[in-house]
Amino acid sequence: MSHEEFPTDRPAVVTCGLPYANGDLHIGHLRTYVGGDVYARALRTLGQETAFVSGSDMHGTPVAVNAEAAGVSPESFALDWHETYEETFPKFRVDFDNYGHTHDETNVELTTDVVRALAENGHVYEKEIMVAYDPAEKQSLPDRYVEGTCPYCGDRARGDECDEGCGRHLEPGEIEEPRSTITGNPAEYREQTHKFFRVSAFQEYLGAFIDRLEGTANAQNQPREWIEGDLRDWCITRDMDWGIDYPEGEKPRSSEPEAGEGADDLVLYVWVDAPIEYVSSTKQYTERVGADVFDWDEAWREDGEIVHVIGRDIIQHHTVFWPAMLHGVDYEEPRAVMASGFITLNGQGFSTSRNRAVWADEYLDEGFDPDLLRYYLATNGGFQQDVDFSWERFRERVNNELVGTVGNFAYRALLFAHREFGGTPDPEAGVSEEVHDRIEAAIGEFGAAVNDYSVRKVGDAAVSLAAFGNEYIQRHEPWNLIDDDPDRAAQVIRDCVQVAKAIAVLFAPVAPGTCERLWSQVGGEGSPHDVEIEAALEPPTADLDEPTELYEKIPEERVEALNAKLEERIEAAENGDTGDDGNGNDTDAADLDPIVDDRIDFDTFESLDIRVGEIVTADGIEGADKLARLTVDLGVEKRQIVAGIKQLHNLEALPGTRVIVLANLERAELFDVESNGMVLAAGEEADLLTTLDDAVPGERVR
RNA sequence: AGCGGGAUGGGAUAGCCAGGAGAUUCCGCCGGGCUCAUAACCCGGAGAUCGGUGGUUCAAAUCCACUUCCCGCUACCA
């Protein structure tokens, strides 16, 4: 940890995790982008030369799959989203110096160069592996697009892990009875040669790197598990069409001769070209403004200060895989990784597919100033903390802190100055020592916040300065002094205008729009983003126009209306999950598995002995997270059945509930508890099946 | 299961890395003041043995050990 404090005389690059070109943005995403934007602006205010870049992540299987479903090419599908993002960010005043995408020429070239260099440096090798393949669709099934049965515990397993059963890591080819999660088709295994990045060789380097890494605690600590444990080499190629080609004259060929349709082309795994977009985007910035303004080559290959702002779900990529890649081609390593927490709604995560979210567009359509949301997202809780979003809290913070503290102070001070003095009284006379010291203290807090990677503290520095301003003006009561002691009144008002000017500078990273207005109200030229932090103490202009109010209060009725909308949505989303009343079917059709093609004959159906049962007792199984032990009355006998519903249902309320039971399922033992049958339930939330009328326990279902 | 993050007055949040007077800020509650300002602002008050237990120390919210409970991650959801 021997990094020099910001500002340094090196070029800094602040990046934001690439949004995946596959869906709308919601305020959870925005938290990361606003955080990055605030941080980049704050660095600049400190005088740090900074480039703020990002781009859209265009590749990967989900894009390819969804594009096909939409009947368009992956490129135009992804480009559509890319354009949406490109338009959306500026609406929130998230102003990237460059916003590219991973499929543009710069990135394709640079990625090719980097991978080639990695290979030349001996960090890449070939290996034959088994990959799942869907013969009906003539499509490879990488990663999570295959599911089947775990060979160890017999439970359902997805991708390379038995995620529901024993949790064991599975090598490619190990999953039994593989099926495509896209089509449900049975899959088969084929042998293929793939490229691997020798991450394991970087273990020692990464161990030292993680000790140097700054940023949020989660980003510094979580990767230790991987780095200090067994580092697996990464398979960096995928057998599909959409992506950046693996850069070699002779590409590894699929061993399947009749694969056809170009399926033998290997492309790079998205996580290879995605982070390289950070570099490419910086390069495009340099190409646009010239290396004398910002030199991408110096920043990335000599002595840049690289700060990655990401969601905490991609910490591994940015602290293990990516630094290893950079080191493998002699690029600069990241100085810091800031990993944001997630935002929840009523305590539950956002779910894009279920429309359980507050969308970016939706917020704008409500007519709110983006600065309000920026302030909320930047200062509500620590950056790495998960926070719950509520309109009520939004209103509270806006009304009390933005309107009451910041806006009110600026308005009352400037209005008074304008009315009584036509602006700043005798600006060159200077501010009082107390105010000078207080502003310096705020500047100090601001700098400390940046070095602490805390966007919340950046915002707090300005807001607490405004609180001081309110207290100061109140303490000196210039409205009483104005007649008796006009000189004293002038001093107080001069002080207050100075504080307002300092707020315009210090608060600009968080609230860029309103601070531009405040800046011009105190007579500033241009924008507060173009000045450095010292401007906070430079005397304001003498002549000031009548100020306008910076923020508007949000009335309570507004919150009620917003909540009503949100509640409605959440309710619909939850009903979509549990189907309690059978009409809340809001689940996105694209989310559902298609009907399995394989038909069974009637005899096969007849062999299932499905019965009506009634739950007699329900208890959680000690030591198991999800399992509950049920006693179910099947009329002819009572059965003990284990079901994975512990967290999803209130067990105490279950006795008396009628359920549908598959009675002739083979016995199984889960957590040392015998399960004799299976209680049927629908969906991820285990919505229990029951009967509409009063069928008697023991009756057969047919 | 392993790992990461968290638990602080009624609610929400800071402080913890660099231990130190009866713990921050916002909301809510009680009382007072002021009126330049957006029914705002200012002052004062009640209210927390900082999840629990044990340890280190002259001193622990802070460091250590154990423990309980939340949230999340475990390689394509920010």
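Both backbone and side-chain heavy atoms feed into the values below; hydrogens, waters and symmetry mates do not. First the proteins, then the strands, lettered A, B, ... as listed; each starts at 1.
With sequence neighbours left out, the side-chain contact (heavy atoms from CB on, under 4.5 Å) criterion links A/Asp487 to A/Asp485. The side-chain contact (heavy atoms from CB on, under 4.5 Å) check on A/Arg374 picks up A/Val34, A/Asp37, A/Val38, A/Arg41, A/Arg93, A/Val94, A/Asp371, A/Pro512, with sequence neighbours excluded. Every residue was checked against the side-chain hydrogen bond (donor to acceptor under 3.5 Å, both in side chains) condition with A/Glu420, not counting sequence neighbours, and none meets it. For A/Arg456, the salt bridge (Lys or Arg N to Asp or Glu O under 4.0 Å) test picks out A/Asp460, with sequence neighbours left out. Taking the salt bridge (Lys or Arg N to Asp or Glu O under 4.0 Å) definition, one finds that A/Asp452 meets it with A/Lys457, sequence neighbours left out. Residues satisfying the side-chain hydrogen bond (donor to acceptor under 3.5 Å, both in side chains) test with A/His318, not counting sequence neighbours, are A/Tyr278. Applying the salt bridge (Lys or Arg N to Asp or Glu O under 4.0 Å) rule to A/Glu434 yields the partners A/Arg475; only residues at least two apart in sequence or on another chain are considered.
A sub-4.0 Å separation between OP1 or OP2 of B/A37 and a side-chain N or O of A/Tyr411 is absent. Dashed line: the shortest gap from a side-chain N or O of A/Lys553 to OP1 or OP2 of B/A40 is under 4.0 Å. Phosphate proximity of B/C76 to A/His317: present, with a side-chain N or O under 4.0 Å from OP1 or OP2.
Taking atom CD on A/Glu546 and atom P on B/A37, their separation rounds to 11 Å, with Å as the unit. Across the protein-nucleic acid pair, A/Phe389 atom CZ and B/U13 atom P stand 14 Å apart, rounded to whole Å. Across the protein-nucleic acid pair, A/Phe416 atom CZ and B/A40 atom C1' stand 16 Å apart, rounded to whole Å. If you measure from atom CZ of A/Arg397 to atom C1' of B/U13, you get 8 Å, rounded to the nearest angstrom. Protein atom CD1 of A/Ile314 is 11 Å distant from nucleotide atom P of B/U74, rounded to whole Å. The distance from atom CG of A/Asp273 to atom P of B/C76 is 13 Å, rounded to the nearest whole Å. One atom, CZ of A/Phe342, and another, P of B/C73, lie 7 Å apart when rounded to the nearest Å. Look at CE on A/Met338: it is 18 Å from P on B/A78, rounded to the nearest Å.
Nearest to the side-chain atoms of A/Trp234 among the listed nucleotides B/A75, B/C41, B/C76 stands B/A75. You'll find that the side chain of A/Asn408 is closest to B/A40, out of B/C27, B/A40, B/C36. When the nucleotides B/A78, B/C73, B/C41 are ranked by their closest atom to the side chain of A/Asn470, B/C41 comes out on top. Comparing B/A78, B/C42, B/C76 against the side chain of A/Trp271 picks out B/C76 as the nearest. Looking at the side chain of A/Val270, the nearest of the listed nucleotides B/C76, B/A40, B/A78 is B/C76.
Base pairing analysis places B/G44 opposite B/C30; the two distances defining the Watson-Crick or G-U wobble pair are each below 3.5 Å. Under the Watson-Crick or G-U wobble criterion, with both distances below 3.5 Å, B/U62 is left unpaired in every strand shown. Taking a pair to require two hydrogen-bonding distances under 3.5 Å in either a Watson-Crick or a G-U wobble arrangement, B/U57 remains unpaired. The pairing partner recorded for B/G72 is B/C3, the criterion being a Watson-Crick or G-U wobble arrangement whose two distances lie under 3.5 angstrom. Taking a pair to require two hydrogen-bonding distances under 3.5 Å in either a Watson-Crick or a G-U wobble arrangement, B/C50 remains unpaired.
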At a cut-off of 3.5 Å, list every protein nitrogen or oxygen paired with a nitrogen or oxygen from nucleotides 43-48 of chain B, distance to 0.1 Å.
none

Please tabulate the protein-to-nucleotide N/O contacts below 3.5 Å involving nucleotides 15-18 of chain B, giving atom names and distances.
none

Just the atom pairs and distances: protein N or O near nucleotides 30-35 of chain B's N or O, under 3.5 Å.
none

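Aromatic ring orientation, A/Tyr39 versus A/Tyr453: parallel (interplanar angle below 30°, classes split at 30° and 60°).
Counting non-hydrogen atoms under 4.0 angstrom, A/Gly17 reaches nothing in the nucleic acid. Using a 4.0 Å heavy-atom distance criterion, A/Leu402 is classed as making no nucleic acid contact. A/Tyr551 comes within 4.0 angstrom of a nucleotide base, judged by non-hydrogen atoms across all strands. Among the protein residues, A/Arg419 comes within range of the sugar-phosphate backbone only, with heavy atoms under 4.0 Å from sugar or phosphate atoms but none that close to a base.
Rounded to the nearest Å, the gap between the C1' atom of B/G52 and that of B/G20 is 25 Å. With C1' as the reference atom, B/A1 and B/G19 are 35 Å apart, rounded to whole Å. Atom name P, nucleotides B/U62 and B/U56: the rounded distance is 15 Å, in whole Å. Taking the C1' atom of each, B/C63 and B/A18 are spaced 12 Å apart, rounded to whole Å. Comparing the P positions of B/C36 and B/A14 gives an interatomic distance of 38 Å, to the nearest angstrom. B/A60 and B/G51 have their C1' atoms separated by 16 Å, with the value rounded to a whole Å. Annotation: B/U74 and B/G22 have their P atoms spaced 45 Å apart (nearest Å). Using atom P as the reference point in both B/G31 and B/C71, the two lie 40 Å apart (nearest Å).
Neither side chain, A/Thr102 nor A/Asn107, offers a donor N or O lying under 3.5 Å from an acceptor on the other. Residues A/Thr379 and A/Arg397 have side chains that bring a donor and an acceptor to within less than 3.5 angstrom of each other. A/Gln521 and A/Thr548 share a side-chain donor-acceptor pair at under 3.5 Å.
Looking only at side-chain heavy atoms (C-beta outward), A/His59 and A/Val267 stay at 4.5 Å or farther from each other.
In this structure, A/Phe321 and A/Ser340 both approach RNA chain B, and ranking their closest nucleotides by distance from the 5' end singles out A/Phe321. Along RNA chain B, the nucleotide closest to A/Gly404 and the one closest to A/Gly311 are compared, and the more 5′ of them pairs with A/Gly404.
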Working for side chain to side chain donor-acceptor pair (under 3.5 Å), residues A/Arg494 and A/Gln491:
CA-CA 5 Å; A/Arg494 187 159 54 240; A/Gln491 177 67 57; 2.8 Å; yes
Mind running side chain to side chain contact (heavy atoms under 4.5 Å, CB included) on A/Val270 and A/Trp242 for me, showing each step along the way?
CA-CA 10 Å; A/Val270 283; A/Trp242 179 233; over 6 Å; no
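Although no hydrogens or angles enter the test, the distance criterion places a donor-acceptor pair under 3.5 Å between the side chain of A/Tyr85 and the main chain of A/Tyr20.
For the pair A/Arg31 and A/Phe389, the cation-pi criterion (under 6.0 Å, within 45° of the ring axis) is not fulfilled.
Counting only residues at least two apart or in different chains, salt bridge (Lys or Arg N to Asp or Glu O under 4.0 Å) contacts with residues 54-66 of chain A are absent.
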Per-nucleotide protein contact along nucleotides 2-12 of chain B, 5' to 3', at a 4.0 Å heavy-atom cut-off (B base, S sugar-phosphate only, - neither), is -SSSS-----S
